[in-house]
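Since the structure comes first, as structure tokens, the remarks are kept for the end.
In what follows, every chain begins at residue 1, and chains take the letters A, B, ... in the order their sequences are listed.
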Amino acid sequence: EAGVAQSPRYKIIEKRQSVAFWCNPISGHATLYWYQQILGQGPKLLIQFQNNGVVDDSQLPKDRFSAERLKGVDSTLKIQPAKLEDSAVYLCASSLNPGTVYEQYFGPGTRLTVT
Amino acid sequence: ELKVEQNPLFLSMQEGKNYTIYCNYSTTSDRLYWYRQDPGKSLESLFVLLSNGAVKQEGRLMASLDTKARLSTLHITAAVHDLSATYFCAVAPNTDKLIFGTGTRLQVFP
């Protein structure tokens, strides 16, 4: 079974530039998550989708971050404009829903460096 | 605000020794997860604990959950170098939204 795919794996941009990350979840997984992991910290949830609808985006800085999952499969996370503090690893995860365990499977992540 | 705290934050231990990592959380949660993260890599699921008193073991790692004390432990038996990684616990107080702990960076040396 193929895992969660993400691209690009690495990205370096200057502050005030824009960037987009792509995620393809495990086939059949209805729920998709984007996490931000700052160096030395645990992942923090940015946004959660159920199919193509947003379940939770309370931690998403909406003035600069946006995300979409138009057809309920792939998802894109965008930052515009980027700030230095956005330097982090952006992890995508997916889970099979409904289910009691709600186990999340993580992708390899995109490491973003903002200079 | 929900807090998930792990201790220790850093752990350097000799091969063959035993040690325990603790995960305390500040609100009720009927599920607790343990993940492993190698440097530059993503998170690998280790254990999912679903009920009070749950205990799971895989190789040299054993995890337990006490929901009344809001405490989970990850016990390492006879550590080997391959266990060197960062270990995260996470709770899910509301459906499937995970709140991660601070992480414990484990280094096992000969």
Side-chain angles (χ1 to χ4, degrees), chain A residues 1-7 9-10 21 23-26 29-51 54-60 88-113, chain B residues 1-11 21-26 29-51 54 56 58 63 65 72 74 85-107:
Chain A
E1 177 184 80
V4 177
Q6 290 187 247
S7 68
R9 294 294 311 279
Y10 305 92
F21 313 129
C23 172
N24 188 345
I26 294 173
H29 281 197
T31 309
L32 184 146
Y33 315 79
W34 283 102
Y35 289 86
Q36 180 192 59
Q37 185 177 21
I38 293 172
L39 185 65
Q41 299 182 17
K44 182 185 79 172
L45 180 69
L46 292 176
I47 188 167
Q48 175 186 343
F49 291 95
Q50 173 81 16
N51 296 308
V54 175
V55 174
D56 186 339
D57 63 356
S58 58
Q59 303 260 56
L60 188 73
V89 176
Y90 291 84
L91 295 166
C92 179
S94 69
S95 68
L96 186 62
N97 198 56
T100 306
V101 177
Y102 293 117
E103 187 162 5
Q104 296 183 22
Y105 298 87
F106 285 80
T110 297
R111 182 177 298 275
L112 173 67
T113 302
Chain B
E1 180 187 346
L2 171 61
K3 290 186 178 179
V4 182
E5 296 181 336
Q6 291 179 233
N7 73 82
L9 296 182
F10 300 96
L11 177 56
I21 298 171
Y22 297 89
C23 173
N24 290 90
Y25 51 99
S26 62
S29 177
D30 56 358
R31 285 171 286 130
L32 189 132
Y33 303 78
W34 282 97
Y35 285 89
R36 168 182 173 148
Q37 188 175 40
D38 291 287
K41 304 290 186 181
S42 191
L43 285 89
E44 173 191 354
S45 177
L46 294 174
F47 301 107
V48 182
L49 303 170
L50 296 177
S51 60
K56 288 195 174 181
E58 180 72 34
L65 177 61
S72 179
L74 181 66
T86 299
Y87 293 85
F88 290 97
C89 64
V91 298
N94 300 307
T95 62
D96 53 349
K97 178 178 177 178
L98 289 184
I99 308 296
F100 281 84
T102 48
T104 296
R105 185 174 173 183
L106 171 65
Q107 185 172 11

**Request:** Step through the shown structure and confirm whether more than 12 heavy atoms of other residues, nucleotides or ligands are within 6.0 Å of CZ on B/Arg105.
**Result:** no

**Prompt:** Can you name the nearest heavy-atom pair linking A/Pro108 to B/Ser42, along with the distance?
**Reply:** CA-CB, 3.7 Å

**Request:** State, with a plain yes or no, whether a side-chain heavy atom of B/Leu98 is found less than 4.5 Å away from one of A/Tyr35.
**Result:** yes

**Prompt:** Rounded to the nearest 0.5 Å, how far apart are CG of A/Asp56 and NZ of B/Lys97?
**Reply:** 4.0 Å

**Message:** If we define contacts as heavy-atom pairs under 4.5 Å, which of A/Pro43, A/Ala93, A/Gly42, A/Gly107 has the most with chain B?
**Reply:** A/Pro43

**Message:** Can you tell me which portion of B/Gln37 sits under 4.5 Å from chain A's heavy atoms? Options are side chain, backbone, both or neither.
**Reply:** side chain

**Most chain B-contacting option - heavy-atom pairs closer than 4.5 Å, from A/Gln41, A/Gln37, A/Gln6** = A/Gln37

